[in-house]
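Worksheet: the structure to be examined is printed underneath.
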Amino acid sequence: MAAPRIGALVIGDEILSGKRADKHLAHVIATLGARGLALAWARYEGDDRGRLTALLRETFAAGDIVFSFGGVGATPDDHTRQAAAAALGVPLVRHPEAVAEIESRFGAGAHPHRVLMAEFPQGSAIIPNPFNRIASFSVADHHFFPGFPQMAWPMLDWVLATRYPDLAQPVAAERAIAVFDAGESQLLPLMDENVARYPMLKLFSLPTFLPDGGRRLELGVRGDPVQVELAFAHLVAGVRAAGFRYEALAPDARAPE
């Protein structure tokens with residue numbers, strides 16, 4: 001069975017303004033990659049309730065698994081909880097388990113403000129927060145985390161372990177070569193033939209301009225290990241026949257910036 005589509009949503013004006021640098025996207029990619037999974041899409045959005053509501057309405061309707069980071073607080077600039085409820089057409093309600101966690105952590109200081117963070121879209125399940133016991137929530141295969149990595153990342157691990165223990169695919173293989181002084185257009189017929197022969201794989205072509213004026217093209221394939229070896233041999237043979245200089249790359253070798 002094919003893996004479901006998975007998306008990542010990173011929310012916050014501070015990300016779009018550059019006041020803070022996002023760390024979540026790279027972490028989600030690595031976490032999913034350990035299970036042989038990959039993101040189908042990723043989005044950055046500001047703290048705009050109308051835009052978030054429209055986006056979440058689309059993703060709820062699509063049935064994707066979505067991991068969302070940021071905007072779940074109770075200050076006026078946080079809109080994620082409200083947008084999720086509006087997108088589903090349900091009210092925000094106080095989740096008794098989330099309230100109990102906040103009260104256990106803060107005692108009388110839980111009221112009247114901190115308990116606002118226990119208000120989730122009706123029908124939500126809580127995601128425990130091991131850092132400070134202020135839970136977040138899951139609803140309809142959407143999982144909403146705080147923007148702080150020290151909270152969000154253990155919560156992501158918990159969701160994957162408890163909600164999706166069997167969601168995994170064989171880890172994809174990857175083979176690539178660096179081709180020198182070749183333009184993508186010169187190798188386009190080879191790429192098209194490779195894709196036609198091995199449609200279940202992902203072909204990638206990453207050009208780089210070198211400081212000395214030369215060009216470097218990282219050309220490779222990713223997917224089923226057996227198919228990758230066949231597709232890689234086809235690419236190498238085509239590049240060799242075209243007369244371009246090339247060298248094999250280790251799986252973690254990247255093009256220079």
Side-chain angles (χ1 to χ4, degrees), residues 1-10 22-44 59 62-67 141 153 156-157 159-161 163-211 214-257:
M1 182 178 297
R5 282 170 47 93
I6 304 174
L9 177 58
V10 181
D22 171 53
K23 299 178 181 178
H24 296 301
L25 184 58
H27 182 79
V28 170
I29 291 170
T31 300
L32 293 176
R35 288 172 164 241
L37 304 171
L39 287 173
W41 57 267
R43 289 278 296 268
Y44 289 97
T59 60
D64 294 349
I65 295 174
V66 176
F67 300 117
D141 277 318
W153 297 355
L156 170 64
D157 292 340
V159 167
L160 288 169
R163 291 287 300 271
Y164 309 105
D166 300 320
L167 180 59
Q169 296 285 318
V171 176
E174 179 178 308
R175 295 292 303 276
I177 54 176
V179 186
F180 296 94
D181 296 320
E184 287 183 299
S185 61
Q186 294 171 285
L187 294 174
L188 189 57
L190 173 63
M191 295 185 211
D192 287 340
E193 183 180 349
N194 193 270
V195 170
R197 287 191 183 192
Y198 307 100
M200 298 304 291
L201 300 181
K202 288 282 190 179
L203 180 141
F204 55 90
S205 172
L206 305 172
T208 303
F209 293 99
L210 301 176
R215 291 182 294 183
R216 178 187 189 273
L217 180 67
E218 183 179 341
L219 180 63
V221 283
R222 182 184 303 111
D224 173 74
V226 174
Q227 291 287 301
V228 159
E229 291 302 322
L230 297 172
F232 179 70
H234 174 256
L235 289 177
V236 170
V239 169
R240 185 185 298 122
F244 292 110
R245 183 171 67 90
Y246 70 92
E247 62 184 33
L249 295 175
D252 59 350
R254 309 314 309 166
E257 296 296 333

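- Nearest heavy-atom pair across Pro207 and Ser205 is CD-O, 3.5 Å.
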Derivation and outcome, side chain to side chain contact (heavy atoms under 4.5 Å, CB included), residues His27 and Leu156: CA-CA 10 Å; His27 182 79; Leu156 170 64; 4.0 Å; yes
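- When side chains are defined from C-beta on, Arg222 does not count as touching Leu201, because their heavy atoms never get closer than 4.5 Å.
- Side-chain atoms of Thr31 and Trp153, non-hydrogen and from C-beta on, never get closer than 4.5 Å to each other.
- Annotation for Leu25 and Ala8: closest pair CD1-CB, 4.4 Å, computed over non-hydrogen atoms.
- Of all heavy-atom pairs spanning Ile29 and Leu39, the tightest one is CG1-CD1, 3.8 Å.
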Taking only distance into account, with no hydrogens and no angle test, what donor-acceptor pairs under 3.5 Å do side-chain atoms of residues 224-232 form with protein atoms, sequence neighbours excluded?
| residue | atom | partner | partner atom | Å |
| --- | --- | --- | --- | --- |
| Asp224 | OD2 | Val226 | N | 3.2 |
| Asp224 | OD2 | Gln227 | N | 3.0 |
| Glu229 | OE1 | Arg175 | NH1 | 2.9 |
| Glu229 | OE2 | Arg175 | NH1 | 3.1 |

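- Residues Ile177 and Val179 have side chains in contact (heavy-atom distance under 4.5 Å, counting atoms from C-beta outward).
- Taking 4.5 Å as the limit, every side-chain heavy atom of Leu37 sits out of range of all side-chain heavy atoms of Tyr164.
- Shown here for Phe244 and Phe180, the closest heavy-atom pair between the two residues is CD2-O, 4.1 Å.
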For a side chain to side chain contact (heavy atoms under 4.5 Å, CB included) check, start with the C-alpha distance between Leu190 and Asn194, then their side-chain angles and the critical distance, and finish with the verdict. CA-CA 6 Å; Leu190 173 63; Asn194 193 270; 5.5 Å; no
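- A salt bridge does not link Arg216 to Asp181: none of the charged side-chain nitrogens sits closer than 4.0 Å to a carboxylate oxygen.
- Closest of all the heavy-atom pairs between Val171 and Ala34 is CG2-O, 4.3 Å.
- Side-chain contact between Trp41 and Thr59: present, with at least one pair of heavy atoms (C-beta onward) separated by less than 4.5 Å.
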Please assess Phe204 against Glu174 for the test side chain to side chain contact (heavy atoms under 4.5 Å, CB included), listing each intermediate value before the final yes or no. CA-CA 10 Å; Phe204 55 90; Glu174 179 178 308; 3.7 Å; yes
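- Here the side chains of Tyr198 and Leu203 are not in contact, with every heavy-atom distance at 4.5 Å or above.
- Note that CG of Leu206 and CD of Glu184 are 8.0 Å apart. Values are rounded to the nearest 0.5 Å.
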Leu217/Tyr246 under side chain to side chain contact (heavy atoms under 4.5 Å, CB included): CA gap, chis, key distance, verdict: CA-CA 9 Å; Leu217 180 67; Tyr246 70 92; over 6 Å; no
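- Residues Asp64 and Ile6 fail the side-chain proximity criterion, which asks for heavy atoms closer than 4.5 Å.
- Contact annotation: the side chain of Arg163 never approaches that of Ile65 to less than 4.5 Å [non-hydrogen atoms, C-beta and beyond].
- Here the shortest heavy-atom pairing between Pro4 and Leu167 reads CD-CD1, 3.5 Å.
- Each of Val236, Leu235, Leu249 was compared with Leu219 under the side chain to side chain contact (heavy atoms under 4.5 Å, CB included) criterion, and only Leu235 meets it.
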